[in-house]
Each structure stands twice: as structure tokens, then as C-alpha cells.
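Hydrogens, waters and symmetry mates play no part in the numbers below; they use all other heavy atoms, side chains included.
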Amino acid sequence: MKPIITTERLIIRELHPDDAAGIFRLDSNPAVHEYLGKSPITTIEEAQNAISFIRKQYETNGIGRWAMLLKDTNEFIGWTGLKLINTEEVNGHRNFYDLGYRLVQEHWRKGYGFEAASACLEYAFSVMKLEKVYANAEKGNTGSNTILQKLQPVHTESFLDEGIETIWFEFQNNKIGS
């Protein structure tokens, strides 16, 4: 499986059906879902369905979340990447690219989230030539908010997402027009 992005420690590639065990390990953990609606998956079939859903996004939108693996061991440690949000409105926005990442708990606080998010943002601006990318995280999710702040957004604001205070981040391509 050809990588889309490689970093110092990571391989980032499309999700494939054989990633179901990794997705299950990731998304069945209640701690991972603390700021995601507190609804972890409970079956491998749900993991398979999630992968199928993302693979349809590749076909329909040309982009979707990608698998994140450790370069040294090929271990699946989560997902990252861009998602085209075009079927719903978030904070008054529709038809935008959302930057996201999710890591298996054992790999939190090791810098992988920032490394992956930074590489995906660079991909968005250098390869896709996007003008803007957005991200959001619940205010209480200090891990994600720290990563997103380190990526140096051009604008942040708070908004209520289903009654939960959420931070909205806007990243701008400084290379456009240069």
C-alpha cells in the first residue's frame, strides 16, 4: 500500500479493509471517545463499516481520513487527514476541508498527533492547493487544542456544537498568491 505522506516517524496512507482490527482497537476505547460523543464502537463490524464509509469518501470526494502507522514497525496507531464536509453545516460553514486525527491511547503525548496534523496541513496547501483548512475540538479537549494551537491558526473562535463549547480553528495557505 503506497503511502500518501511519510514523516520522520509515520506512514500515512489510505485506510483499507484489513485495518479493521486497528480501527476497532482505536474506536472501542471509551477514553478515545471522551470528546467525541461518548459512543465508542462495540463490534468489529462497526469498524469495517467505518472503513467502508471512509473509502466511499475517497471515491466521491477524492479525499478522506487516512491510516496512520509507525514507520519502524508498521503498527496502526490511528487515523489522520482531511475530510470534505459538504453534507452538514458546522459553525456556519459548509463545503470545507476539515483537518482531523485520532490516536490509539497508548500513543497519546508522543508528538504523533502534531506530526501527522502538520504533514496533512502541508499536503492540503502544497499538493491540493487549498486556500483554507478548518478544524475544531471541544474546549475541554486540551490535547487536541494544544496540537491545533501549535499549528498556528490564523483565526480561532468559540461556538456551541450541540450545546458543547467548541473551539474553531482556521488555517490559511500563505503560499497562495506568492
* Just do the side chain to side chain contact (heavy atoms under 4.5 Å, CB included) check on Q149 and T156 with the steps written out, would you? => CA-CA 9 Å; Q149 283 292 348; T156 61; 3.8 Å; yes
* Please determine, by modelled atom types, if E131 and N173 share a side-chain donor-acceptor pair under 3.5 angstrom. => no
* **Test item: Y58 side-chain N/O and L15 main-chain N/O as donor-acceptor pair under 3.5 Å** => yes
* To do: Using a 4.5 Å cut-off on heavy atoms from C-beta on, say whether the side chain of F159 contacts that of E165.
  => no
* Shortest non-hydrogen contact from I23 to A47? -> CG2-CB, 3.7 Å
* Would you indicate whether K56, at its atom NZ, is surrounded by more than 12 heavy atoms from other residues, nucleotides or ligands within a distance under 6.0 Å? => no
* To do: Run the ring-centre check on H93 versus W168 and record whether the distance is less than 6.0 Å.
  => yes
* **Side-chain ion pair, E14 and R55, N-O less than 4.0 Å** => yes
* Using a strict cut-off of less than 4.0 Å between a Lys/Arg side-chain nitrogen and an Asp/Glu carboxylate oxygen, indicate whether R25 and D19 qualify as a salt bridge. => no
* Heavy-atom pair with the smallest gap, counting every atom of P30 and P40 -> CA-CG, 4.0 Å
* Asked: If you measure only the distance, is there a donor-acceptor pair under 3.5 Å linking the side chains of T42 and E46?
  -> yes
* Asked: What do the steps show when you test I77 against L10 for side chain to side chain contact (heavy atoms under 4.5 Å, CB included), and what is the final call?
  -> CA-CA 10 Å; I77 64 166; L10 301 172; 3.8 Å; yes
* To do: Assess whether atom CD of Q152 is packed by more than 12 heavy atoms of other residues, nucleotides or ligands within 6.0 Å.
  => no
* **Close side-chain approach of Y123 and I4, heavy atoms under 4.5 Å** => yes
* Hey, is K132 close enough to E170 for a salt bridge, meaning N to O under 4.0 Å? -> yes
* **Minimum heavy-atom distance between L151 and S118, given as atom pair plus value** => CD2-CA, 3.6 Å
* Would you say the side-chain atoms of E75 and H107 include a donor-acceptor pair closer than 3.5 Å? -> yes
* Heavy atoms, side chains only, cut-off 4.5 Å: are L148 and I167 in contact? -> no
* To do: Taking the side chain as every heavy atom from C-beta outward, state whether Q57 and I63 have any pair of such atoms under 4.5 Å apart.
  => no
* Shortest non-hydrogen separation from A20 to I44 and the atoms involved -> O-CD1, 3.5 Å
* CA sep, side-chain torsions, deciding dist, call: T7, E115, side-chain hydrogen bond (donor to acceptor under 3.5 Å, both in side chains) -> CA-CA 7 Å; T7 68; E115 187 173 333; 2.4 Å; yes
* Just wondering, do I11 and N74 contact through their side chains at under 4.5 Å, heavy atoms? -> yes
* Structure fact -> Tested for side chain to side chain contact (heavy atoms under 4.5 Å, CB included) against F169, the lone hit among I147, N145, V133 is N145
* Asked: Are the ring centres of W108 and Y101 closer than 6.0 Å?
  -> no
* At their closest point, which heavy atom of V32 faces which heavy atom of L36, and how far apart are they? -> O-CD1, 3.4 Å
